[in-house]
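One structure is given below, encoded as structure tokens.
Chain letters run A, B, ... following the sequence lines, proteins first, then strands; residues in each count from 1.
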There are 2 protein chains.
Amino acid sequence: MFIKNLPHKTVERLSQYRRALLMILSKEKTHVFSHEIAQMLHITPVQVRRDLMLIGYSGNLRKGYDIKELIELIGKIIDSERGQRVAVVGLGNLGKAFISYFKGKRSKLSMIAAFDINPEKINRVFDGVPCYHINQLTDIIKQNNISIGIITVPSEQAPEIAESLVLSGIKGILNYTPKPLNVPAYVYLEEYDMITSLEKVAFFAKKNDERFK
Amino acid sequence: MFIKNLPHKTVERLSQYRRALLMILSKEKTHVFSHEIAQMLHITPVQVRRDLMLIGYSGNLRKGYDIKELIELIGKIIDSERGQRVAVVGLGNLGKAFISYFKGKRSKLSMIAAFDINPEKINRVFDGVPCYHINQLTDIIKQNNISIGIITVPSEQAPEIAESLVLSGIKGILNYTPKPLNVPAYVYLEEYDMITSLEKVAFFAKKNDERFK
DNA sequence: CTTTTATTGTTTATTTATTAACAATGATAA
DNA sequence: TTATCATTGTTAATAAATAAACAATAAAAG
Ligand SMILES: NC(=O)c1ccc[n+]([C@@H]2O[C@H](COP(=O)([O-])OP(=O)(O)OC[C@H]3O[C@@H](n4cnc5c(N)ncnc54)[C@H](O)[C@@H]3O)[C@@H](O)[C@H]2O)c1
Ligand SMILES: NC(=O)c1ccc[n+]([C@@H]2O[C@H](COP(=O)([O-])OP(=O)(O)OC[C@H]3O[C@@H](n4cnc5c(N)ncnc54)[C@H](O)[C@@H]3O)[C@@H](O)[C@H]2O)c1
């Protein structure tokens, strides 16, 4: 299903809606109101309704939104029909943590391979994901049609890894190293640094503290 | 140093500017132009100059910005003068990864304690950070004046941990579990889920792929 | 029946964030 | 000396994101 120009923030929230809905799905409830979704995610009900309007979903005036239906529709919008394959480059603390967290979470995204240079990790399987030597990167990516790469190598190595990923035909990169990368425009790049998040929390915690004291 | 109402995004970028500047500091250069900072972070030079204007920093028309001076000023704005203390709750894959990454990174943020329930982890030291039993949480936090908590316990435990943190007087929480939390308004809460990031990358990678093909 | 109520869906307004435009500067070159 | 240049600092314009406003609806209550 195609909807043109979905705002970035809406895409993020759709993922969050689905996550939250999957969490409450078990609990016998079949429907949910916009204000319930809103409360779970600390946003306003209007925001929720607006997002759902953008993806063309209609709820029931009295019962709210059908949870199962909505989960399915979000899938149709944000997932790729044929699925997308993912690889992790750098199987250290963070790479392993990611793989263990990801396991069994999303059916349309499959974690296909990990890469490292450490001989102790190569040719072993971690949480169901085989680890290959980094020099097999291009081959494995092309063979398996992997389109998304997660970078969790030491930051100095990140630029060359990014370059290899791009040359291997990857379409999206999630970079967890603090080293900002350069990739061509046709590759979608998302960067995240935990320390920046922590510093942001520290800043606003300090500010709140002054304000509320 | 106080500057009222710094935009959220600017605070994030200030942290990123500092990170990038620290990285190039070694390389003999003493000054940097706005377009150089911009290129490193994939933003526009105007954005950089605007942010620096907001914090009242002036560069040299011919040489650009003094790297050391700027790093220092950013510190004066976003760091707390007396420092802030941080604790990690849940010393599993992600908690350990965070601690090992954080080690030695920021002088004004100190990682003081970790908490867990697993007896094998309690009373041991990980990367310089002592791990305590979760039932000591309030005591340790109050004794050490810890004001920021990072939550990396299994998601089902997250709500009760958040509540304990709040009751212990914490001022900011960084939640890495996929369970959205509720905290009072005087506590700053930041939530991050890796799978949402991955899904966002997957969505825009797919979209780019259609557009550029 | 009629009114009240709680909700959705959508338009309009507001706020926040980004980008464009351009004057000011001062070094360098003509 | 005067013009050119690349840069900063700031204001003005645009775009993106959020929130407010409110009509429409249908169930429930009176
Ligand atoms: N640990 C965290 O929470 C965290 C958080 C944010 C960012 N980071 C960043 O993520 C990166 C990884 O962190 P980590 O704690 O997992 O580090 P780590 O040292 O535990 O893991 C890095 C892994 O990459 C492998 N590696 C090294 N060079 C490689 C190469 N050329 N090709 C393939 N693999 C290679 C290493 O063998 C190791 O297994 C670092 O850049 C760090 O800055 C980590
Ligand atoms: N691994 C990742 O990359 C990743 C990414 C995003 C989010 N998460 C989330 O972060 C959380 C932790 O992930 P993980 O991979 O580190 O899991 P993990 O199981 O390795 O670690 C959890 C730790 O919390 C401890 N714990 C359990 N109950 C506790 C309690 N009541 N008090 C204190 N400690 C307690 C456990 O003993 C364990 O050491 C999970 O909720 C996961 O969903 C993980």
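Atom CD of Q47(B) is separated from atom P of dT7(D) by 19 Å (rounded to the nearest Å). Computed from coordinates, the K63(B) NZ to dT8(D) P distance equals 13 Å when rounded to whole Å. Atom P of nucleotide dA24(D) and atom CZ of R49(A) are separated by 16 Å, given to the nearest angstrom. Atom CG in D66(B) sits about 15 Å away from atom C1' in dT8(D), given to the nearest Å. Atoms CG (D51(A)) and P (dT18(D)) sit 8 Å apart, rounded to a whole Å.
Every residue two or more places apart in sequence or in another chain was checked for a ring pair (Phe, Tyr, Trp, His ring centres under 6.0 Å) with F126(B), and none qualifies. Shown here are the salt bridge (Lys or Arg N to Asp or Glu O under 4.0 Å) partners of D79(A), two or more places apart in sequence or in another chain: R18(A). Taking S147(B) as the reference, Q84(B), K171(B) meet the side-chain contact (heavy atoms from CB on, under 4.5 Å) condition, with sequence neighbours excluded. In this view, F102(A) satisfies the ring pair (Phe, Tyr, Trp, His ring centres under 6.0 Å) rule with no residue, not counting sequence neighbours.
Across residues 53-62 of chain A, L61(A), R62(A) each have a non-hydrogen atom less than 4.0 Å from an atom of DNA chain D (numbered order). For the segment residues 6-18 of chain B, no residue has any heavy atom less than 4.0 angstrom from an atom of DNA chain D. Near DNA chain D, meaning a heavy atom under 4.0 Å from it, residues 34-42 of chain B has S34(B), H35(B) in order of number.
Listed by first and then second residue, the side-chain hydrogen bond (donor to acceptor under 3.5 Å, both in side chains) pairs involving residues 40-49 of chain B are R13(B)-Q47(B), S34(B)-R49(B) (not counting sequence neighbours). Residue pairs meeting the salt bridge (charged side-chain N to carboxylate O under 4.0 Å, His left out) criterion with at least one member in residues 149-164 of chain A: none, sequence neighbours excluded. Applying the salt bridge (charged side-chain N to carboxylate O under 4.0 Å, His left out) test to pairs two or more places apart or on separate chains, those with a residue in residues 91-107 of chain A are K103(A)-D127(A), R106(A)-E199(B).
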| query | So Y65(B) and I71(B), side chain to side chain contact (heavy atoms under 4.5 Å, CB included) or not? Walk me through it. | reply | CA-CA 10 Å; Y65(B) 303 96; I71(B) 290 174; over 6 Å; no
| How far apart are the C-alpha atoms of I134(B) and V89(B), what are their side-chain angles, what is the distance that settles it, and do they pass the side chain to side chain contact (heavy atoms under 4.5 Å, CB included) test? | CA-CA 8 Å; I134(B) 188 68; V89(B) 189; 3.6 Å; yes
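Shown here is Q39(A), whose CD atom has no more than 12 heavy atoms of other residues, nucleotides or ligands within 6.0 Å.
Once you apply a 4.0 Å limit to the heavy atoms of chain B, the touched nucleotides of DNA chain C run 5' to 3' over dA17(C) to dA27(C).
For I150(B) against M111(B), the heavy-atom pair with the smallest separation is CD1-CE, 4.4 Å.
Within the model, atoms CG of L70(A) and NE2 of H31(A) stand 10.5 Å from one another, a figure rounded to the nearest 0.5 Å.
Between its two ends, the helix from dC1(C)-dG30(D) to dA30(C)-dT1(D) turns its axis by 10°, counting five pairs per end and rounding to 10 degrees.
Between Y192(B) and Y176(B), the two ring planes are perpendicular [angle over 60°; tilted spans 30° to 60°]. Ring planes of F33(B) and H35(B): parallel class, angle under 30° (limits at 30 and 60°).
Looking only at side-chain heavy atoms (C-beta outward), I151(B) and L165(B) come within less than 4.5 Å of each other.
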